[in-house]
Amino acid sequence: MHTEQRFNNLDRFRLIAALLVIAIHTSPLVSFSSEADFFLTGILARIAVPFFLMVTGQFVVSGFLFPGSESPKAPFRYLRKMGILYVSAILLYLPLGIYAGHYTQLSILGIFRMLLFDGTFYHLWYFPACILGIMLLYGMHRFLKMKCNSLFFICGLLYILGLLGDSYYGLIADLPVIGDIYSALFLISSYTRNGLFLAPLFLLMGAWMGEKYPCSVTKCHKGKKSMPGFSLFCFALSLLAMTTEGFVLRYFSLQRHDSMYLLLPLTMFFLYQFLLQCKASPKHRIKPFSCCQNLRAVSTWIYLLHPAVIVVVRGIAKVLHATNLFVENSIVHYLAVTVLTIPAAIFAAISVRMLTARFSRKAPSRSRAWIELDMDALAQNVRFLRSRLREGCELMPVVKAEAYGHDSVLISRELNRLGIHSFCVACVTEGITLRKNGITGEILILGYTHPDQFPLLHRYHLTQTVVDYAYALLLNQYIESVQEKIHVHIGVDTGMHRLGERCENIDQICAIYKMPNLIVDGIFTHLSSDDTMNPQDIAFTEEQAASFNLLLQELCRCGCPHSKFHLLASYGVLNYPEFCGNYARIGIALYGVLSTKADTDMWVDFLHPVLTLKARVASIRTLYEGEAAGYGMGFTATRNMKIATLSIGYADGLPRMLSNGTGSVLIQGHRAPIIGKICMDQTIVDVSCIPDIKAGDIAILIGKSGEKSISASEIAEQCDTITNEILSRLGQRLEHISINNFK
Ligand SMILES: *Cc1c(COP(=O)(O)O)cnc(C)c1O
C-alpha cells in the first residue's frame, strides 16, 4: 500500500505545505489587498497543518488502528520522537520567547496552557496538538475499544465543537451558558485549533485513507480504479466552496480565528485522495530513497525554523535601514524569509543527519566485512506485502537460512516489533535459535525433524510440518511423559512432489486430523511455478490451487475440524493475491528483492532491498605492467595500475564466479572491477580510476554508493543463479548491523 511513488507525492506536498505555513506567518499579500491576503493565509494555507496531521495519521495512527498492521509499540516510538523534537524546539525558541516577552507574568495555568495547547512560541502548538491527538485516538481505540466508525463520530463531534470556538465563534459567543463555557475554555487553550478539537479528525482521516486507497499500480487491487483527475477537480470545487464559506464568515464577522472551516475536512479528503492516487511520470520520480527522506526532514525544519528567520530578517532590515522594503513590502518580506529559511533548513537537516549518523551507528569500523540491514526498508516491505493480502490473511515471514543471509535473529526481532507473530524456518535448530533470542509467536518448521529431536519441539514450542502420512504416524507415536501434544501443520503435495502428503489421499489426511497426539493448527501446500506468467505455468498453478481447495472442501465434508490454511510464498502474493489463505509464507520479497533481476526491477518501486554488503579496503598497491596478481597469476597488468585488496572472499559468500572482471564493487561511487581469482578471504579490485582511495576505505559489494548500485539480483544473474542462493550463502563470519535511520 505504501509505495515509494506515494511517498514521493506526499513528500513533495510537504514542502508546499511548509511554504504555506511561512505564508500564514508573514502574510505575503497584505500590502496589496486584505482580501487576497485573507484568501491566501486565512483559507488556502489552512490546508497545510491538516495535511501534516493526515500524513502523521497515515503512518502512525494506522499502526494501531487497523488489525494486523503495525506493532502496538509503534505510536510510542513516534510520540517519543515527537516529544524530543518538541522539547528541542522549546529550548531553541526560549531566547526568542524571552526577548519577545512571552514568558513574563506566567501563571501556573499559563504554563500549562503553553505546554499542552498553545506551544511556547506561536508555531509550536503543532507538536503538542499532534501528540495529544495521537494519544486521544490511541486511548479511545485501546481502552474504549472504539473502531473506525465510532472514532469518526467522536472526532467529527470534537471538530464541530472546535469550529464553534474558531470560525463560527460569532454564532455562540453571546449565548448565555455556551458562551461562558467557551470563555472558560479559552483560559486553558487560547484557540480551539489544538490537539483536542482539530488534530484527532485529521489524524484519523489520514490513517483511514492510507488503508482505503491502496497503491495505484494496476497490478495490485485490480478492481479499484483510481481517478486522480477527478479527485483534483473535486478538490478545486471544495476549495472554492470553502473560500465562499470563509468570505461569508468574514463578511458577518463571525470568526474568532480562521483555522477551521466546515468544508476543510472535505477539501482535505479530496486533496489527499489526489496525492495518493496521482502517479508522477517516471521522469519526475524522486528516485533515491534518501531524497524523499531529505524532503521530509527539510520541510520539518522549514516549519521549525521560519519564525526565527522572520526575526532575523526584521533584524537585518533594521540594521540596513531597509525596513520599508524587507518588512513593509509583504511579498518581499515573504520571499526574503523563504529564501533564507530553505538553506537554513537544508543545513539543519544535513547537520542533524550527520550527527545522528555519527552517534547512532555502532562502529562498524573495526570489521573487515559486514552486512548492514536497513530496518526501515524491511518495515516498508512489510507494509507493502500486507497491503496485498486479503482480510484474514497474515504474513508468516520465512526466516530460514539466517533470514536468507540477513541474520534471522535481528530480522525476526524487528518483525516481532512490527507486530508479526508467526514465522517459518527450515529446521529445528533454526527455531531454537529464534526462541533462545526471545522471538515470540508461532514458529513453523517447514522441513524434516528427526524423531530423536521431537522433545525439542515441546521444549521450544515449535510447530512441525507433517511431511507425509508415514511421518505423521511417527509424530503421533511420540508421547512425552508430560503428555503434551505436538502442534503441526500438515504439508500437502499438490504437484511439486517435494514434501507433503499427496492431495488425493484424503483418507490419510483425514486420519492425521484424528491422531490423538497431534494438534493440527494448519494445512498448507507450496506452489512450484508461480513465478512466471506464461500460460502453461498459470494453468499449472491454478490447478494446484484448485486441488488444494477441493481437498479443503473434502476435509470439511469428512468432518475434520477447521484449521488455518496457506499456500502462497513471495511470488504467490505478487502474482496470485486472490489465493490468499490465512497465512502468506513470504521469504525473498520481504528482503526487498526477487529471485531474478527482471522481477526485482519490475517491483523496484514497492520492494526495498534490506541488505547492504560492505568490506574494508585492506591495502592499496601498484601493479606494474606485466606483473600478475592473485592465485595462478590469474590477472596480468597490461599497463601500470593501482589495485586494492578487499578483506572479503568466497568464504564470506562472495561467489567465486565473479572473478576475472565478471563482478565489480563500488568505492566512493566508482565501479572497481574484480581482477584475478577471488580468494577465500580476500579479493583484488582495479582502482586505477579512483584517485584518492586509501586503505581503510569501504567497498560496497551489494548496495548503493553515490549514484551507482549493485543489486544481489544482478550478482545472481552474473552467476547464473537466483538471488535467493546468493543471499542465503552469505557467510556467518560477516558482522550484522541493523540500521534504523528514520525512527
Ligand atoms: C522457502 C519457502 C517459502 C518462501 O519462499 P519465497 O519464495 O522465498 O517467498 C515458502 N514456503 C515454503 C514451503 C518454503 O520452503
Side-chain angles (χ1 to χ4, degrees), residues 288 361 364-374 377 401-407 410 588 591-593 597 600 608-620 629-630 634-635 643-690 693-739:
R361 290 200 184 181
S365 49
R366 276 171 242 117
S367 291
R368 56 180 276 284
W370 68 97
I371 282 171
E372 286 177 5
L373 301 170
D374 179 349
E402 282 301 337
Y404 294 44
H406 288 62
D407 191 314
L410 290 180
I588 191 73
Y591 309 107
V593 286
K597 183 165 184 312
T600 307
H608 308 279
V610 173
L611 175 142
T612 298
L613 176 61
K614 297 184 174 180
R616 196 68 64 180
V617 173
S619 172
I620 309 280
F635 173 85
I643 60 171
T645 306
L646 309 180
S647 45
I648 188 168
Y650 59 77
D652 301 297
L654 189 66
R656 198 162 168 278
M657 256 174 103
L658 296 179
S659 297
N660 298 319
T662 305
S664 51
V665 307
L666 302 174
I667 303 174
Q668 297 171 14
H670 298 279
R671 218 170 244 276
I674 294 172
I675 58 175
K677 295 190 183 99
I678 293 177
C679 313
M680 188 183 276
D681 323 303
Q682 251 91 228
T683 299
I684 304 172
V685 295
D686 173 7
V687 292
S688 302
C689 63
I690 308 174
I693 183 171
K694 55 190 184 310
D697 279 0
I698 293 170
I700 298 195
L701 294 105
I702 298 175
K704 285 195 180 120
S705 171
E707 296 283 293
K708 295 201 170 64
S709 73
I710 295 176
S711 66
S713 58
E714 185 181 327
I715 293 180
E717 195 168 84
Q718 289 164 332
C719 297
D720 203 11
T721 181
I722 55 173
T723 317
N724 314 39
E725 184 181 351
I726 299 296
L727 291 175
S728 62
R729 282 173 171 247
L730 290 175
Q732 281 315 294
R733 194 160 73 174
L734 298 166
E735 188 192 2
H736 295 79
I737 301 166
S738 66
I739 294 187

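Sequence positions, counted from 1, serve as the residue numbers for this chain.
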Working to the nearest 0.5 Å, report the span between [atom1] of [X] and [atom2] of [Y].
X    : Y    : atom1 : atom2 : answer
S367 : K614 : OG    : NZ    : 11.5 Å
K677 : T683 : NZ    : OG1   : 13.5 Å
I588 : N724 : CD1   : CG    : 4.0 Å
E735 : E372 : CD    : CD    : 9.5 Å
C689 : Q668 : SG    : CD    : 10.0 Å
L727 : L611 : CG    : CG    : 6.0 Å

Looking at every non-hydrogen atom in both residues, tell me the closest pair between [X] and [Y] and how far apart they are.
X    : Y    : answer
I702 : A712 : CG2-N, 3.8 Å
G669 : K708 : O-NZ, 3.5 Å
I690 : A672 : CD1-CB, 4.3 Å
A629 : I643 : CB-CD1, 4.5 Å
S705 : L666 : CB-CB, 3.6 Å

Listed by chain and number, what are the salt bridge (Lys or Arg N to Asp or Glu O under 4.0 Å) partners of E402, not counting sequence neighbours?
->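 With neighbours one apart ignored, the set is empty.
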
Residues which pass salt bridge (Lys or Arg N to Asp or Glu O under 4.0 Å) with R733, listed by chain and number, not counting sequence neighbours |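 Here the qualifying residues are D652, D681.
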
Flag the pair [X] / [Y] as yes when at least one side-chain heavy-atom distance between them is below 4.5 Å, and no otherwise.
X    : Y    : answer
V617 : V685 : no
I726 : T721 : yes
L373 : V610 : yes
I737 : W370 : yes

Pairs involving residues 694-703, ordered by first then second residue, that meet salt bridge (Lys or Arg N to Asp or Glu O under 4.0 Å) (sequence neighbours left out) |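 Found K694-D697.
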
Could you pull out all donor-acceptor pairs under 3.5 Å where a side-chain atom in residues 644-651 meets a protein atom, sequence neighbours excluded?
| residue | atom | partner | partner atom | Å |
| --- | --- | --- | --- | --- |
| S647 | OG | R368 | O | 2.9 |
| S647 | OG | R616 | O | 3.1 |

Could you tell me which residues satisfy ring-ring contact (aromatic ring centres under 6.0 Å, His included) with Y404, sequence neighbours excluded, listed by chain and number?
->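 Only Y591 meet the ring-ring contact (aromatic ring centres under 6.0 Å, His included) criterion with Y404.
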
For the pair L734 and D407, evaluate side chain to side chain contact (heavy atoms under 4.5 Å, CB included) and give the outcome as yes or no after the intermediate values.
-> CA-CA 10 Å; L734 298 166; D407 191 314; over 6 Å; no

Please name the residue in the list I371, I715, I700 that meets the side-chain contact (heavy atoms from CB on, under 4.5 Å) test with L613.
->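 Output: one option passes, namely I371.
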
Can you give each donor-acceptor pair under 3.5 Å made by side-chain atoms of residues 654-665, sequence neighbours left out, with the distance rounded to 0.1 Å?
| residue | atom | partner | partner atom | Å |
| --- | --- | --- | --- | --- |
| S659 | OG | R656 | O | 2.7 |
| S659 | OG | I678 | N | 2.8 |
| T662 | OG1 | S659 | O | 3.1 |
| S664 | OG | R671 | NH1 | 3.0 |

